[in-house]
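Contents: one structure, followed by commentary.
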2 protein chains.
Amino acid sequence: MKKKITIRDLAKEAGVSVTTVSQILNNKGDRFSTATQERVLALRDKYKYVPDFNARNLILKSAKTIGVLVPNIANPFFGTFVEGVQSIAREAEFIPLVFSANRDPKLEKYYLSQMIERSISGLVIASATMTTETIKEVISFNEIPYILFDQNHTQEGDRVQTNDYLGGQIAAKHLVELGHKHIAVLTSDNPTENLNHRMNGFKNIIKENNLSLAPINDVIRAPLTKDGGYKAAKDVLATGASAVFAANDEMAIGLLRGLHELDVKVPEDISVIGYDNIYWDDYVYPRLTTVQQPIFDLGAGATKMLIEQISHSSAEARVQNFPVKLIKRDSTSSYRPK
Amino acid sequence: MKKKITIRDLAKEAGVSVTTVSQILNNKGDRFSTATQERVLALRDKYKYVPDFNARNLILKSAKTIGVLVPNIANPFFGTFVEGVQSIAREAEFIPLVFSANRDPKLEKYYLSQMIERSISGLVIASATMTTETIKEVISFNEIPYILFDQNHTQEGDRVQTNDYLGGQIAAKHLVELGHKHIAVLTSDNPTENLNHRMNGFKNIIKENNLSLAPINDVIRAPLTKDGGYKAAKDVLATGASAVFAANDEMAIGLLRGLHELDVKVPEDISVIGYDNIYWDDYVYPRLTTVQQPIFDLGAGATKMLIEQISHSSAEARVQNFPVKLIKRDSTSSYRPK
DNA sequence: ATGAAAGCGCTAACAT
DNA sequence: ATGTTAGCGCTTTCAT
């Protein structure tokens, strides 16, 4: 690396003190003559001078960096979430440090410590495996502001969230309105709280309508992935249901593939509804009906809250709710008796 | 933020000098008595002391950070690439700073300057819009090591790459072997060099076999996105070709949707082959035949090279090649005359 | 209108 | 075996 040009170099060449240069470059140079100001600015451009980040932050004690912890960055749900984060971070001139921990608690802790070492200003946590203990132990201990998403709602702290209970209800209502009487559910084998809410909302509508949903036979559990959904197709079919609610779109899309291979037609033989509204839903066959979560907005909203908290550090915990809504596509249709 | 505990606090409580603490904590403390070492280490644990990143790097002049510039992090191709980067970075205890610039040159420049300000140790650039000038002007000027991927091959510098020409040939051979005589091409309306290579390899085989591919009628150009492919379906169909090679999987998947809506059956009416092998290929209908690029490995390989370059700064430019190969799925089949 | 000097928290060369 | 001292590059208080 070439010898970096420092503020002292500029000062010397401009024939002024470092104070002068520093003040002018930080827009605090009103008190200096226009001539001096221009001279310094010109020199900055000439040498493309950029203040040393480490030196600067050592004094300012802020790295203008926010950490973002997601389970899997290759998953478009979180990819979009991160784009939301980035958009707001950029406006506020914060830099996001994004980590994908693959639901591995060890990795999560490692990245967490790395972030703390780098004196991040705050943290957006979109990871279900992050336990309350870890947060208490590592994050609260260091008094780092954080915002949660996709978490177990029992936890404390500021958060962005959607109404999962309502989302589940929306999905159920849609299927009920289509005339389905026997409905199956495909959910995680290791559900987080919000997933449980989602399912409870769903079941609530089912029960209200006196429809069939035997917890043992009609609730299939599998990993929350495309492959999980794919492999669960047989079990879903075995329930004999005419419609199925998958806990997220990834699973639903896997399920679509699995059903297809079993020569089951969607939605003719069975209706499928997912959850999330990832942008792939329009490109699978049939196009997936789903309940939309405003993913980008969630990332943006979380970041906005975080940055506010970093600046003002308001005391009371805040919760921001985002709407969910039905996106009707082609994977659901009216019940037709066989 | 609570008062941060510094090395001086530790030194005072341990009754030693800061040097002692510093040396011991940096594994350079052999010369101190075991008793002292243990006392210091214990204190570090007791207070969960972490050296201040900024102060440390101000001296060491290395932030152990690598910048990663991708066009779109919500795109699974780059998501997987980034995971490859992360896996290697972690081993070497580097932290990746990932930026998604959405092919916006202004954004790219902004992020670039941010990274330089933060004294990143090196850069992985997987962005086609990054021009040679920008690299020269900003990156080389600051003498930051970098590795390119998905770039215009005409540029200099270390790089990871796949043989796009060969990849194009593989795609063409596959279609030719299936008996297709009239083949169309769906490529970018703003192609990068590697895309041109890909297409040239493809055309080379077409020509060798004396098949039809009229540059004007049979080469459709559209944005390199799902929507681009989707909207190009009509044009592709108009060529009358019995098979089509899409420049990447995103486009191919969009095309699949577009063709479906035009009631065209794939592969019965027209065969479709894509390029990349993103993990969604298995979940669209029909499953997409494609040419695989080892995406994760490319990210990992680029990072490995970069870290080597950061450590040893070897002089000569290196190029590392990764293999491509055909992944046969369901979207291509033998030619059947209408 | 400008500058001298102190110091952020840390590392390392150079004593002792 | 341990400590003294001099910075790293920057911002800021307080003089002048």
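First the proteins, then the strands, lettered A, B, ... as listed; each starts at 1.
A donor-acceptor contact closer than 3.5 angstrom links the side chains of A/Y47 and A/E13. Neither side chain, B/R118 nor B/N57, offers a donor N or O lying under 3.5 Å from an acceptor on the other. A donor and an acceptor atom, one from each side chain of B/S100 and A/Q86, are nowhere located under 3.5 Å apart.
Projected onto DNA chain C by closest heavy-atom contact, B/R31 and B/D52 fall at different nucleotides, the more 5' of which corresponds to B/D52. Closest-nucleotide positions on DNA chain D for A/R56 and B/V18 were compared, and the one nearer the 5' end corresponds to B/V18.
Summarising the geometry, the separation between CD on B/E38 and P on D/dT2 is reported as 12 Å, rounded to the nearest angstrom. Rounded to an integer number of Å, the gap from A/L10 CG to D/dT11 P is 11 Å. Atom-to-atom, CG of B/L60 to P of D/dC8 comes out at 14 Å; the value is rounded to the nearest Å. The CG atom of A/N26 sits 13 Å away from the P atom of D/dT13 (whole-angstrom rounding). Between the CZ atom of B/F53 and the P atom of C/dC10 there is a distance of 13 Å, rounded to whole Å. In this structure, CD1 of B/I7 is placed 14 Å from P of C/dC8, rounded to the nearest angstrom. Nucleotide C/dG3 holds its P atom 12 Å from the CD atom of A/Q23, rounded to whole Å. For B/R8 and D/dT5, the CZ to C1' distance is 13 Å, given to the nearest whole Å.
Residue B/N57 places no side-chain N or O under 4.0 Å from the OP1 or OP2 atom of D/dC8. Between A/K61 and the phosphate of C/dC8, there is no side-chain N or O to OP1/OP2 separation shorter than 4.0 Å. Between B/S17 and D/dT4 there is no side-chain polar atom (N or O) within less than 4.0 angstrom of OP1 or OP2. An OP1 or OP2 oxygen of D/dG3 is reached within less than 4.0 angstrom by a side-chain nitrogen or oxygen of B/T20. The side chain of A/Y49 places an N or O atom within less than 4.0 Å of a non-bridging phosphate oxygen (OP1 or OP2) of D/dC10. At the phosphate of C/dC10, neither OP1 nor OP2 sits under 4.0 Å from any side-chain N or O atom of B/N54.
Atom OG1 of residue A/T303 and atom CD1 of residue A/I147 lie 8.5 Å apart, to the nearest 0.5 angstrom.
More than 12 heavy atoms of other shown residues, nucleotides or ligands fall within 6.0 angstrom of atom NZ in A/K64.
Within 3.5 Å, a donor on the side chain of A/T19 pairs with an acceptor on the base of C/dA4, or the reverse.
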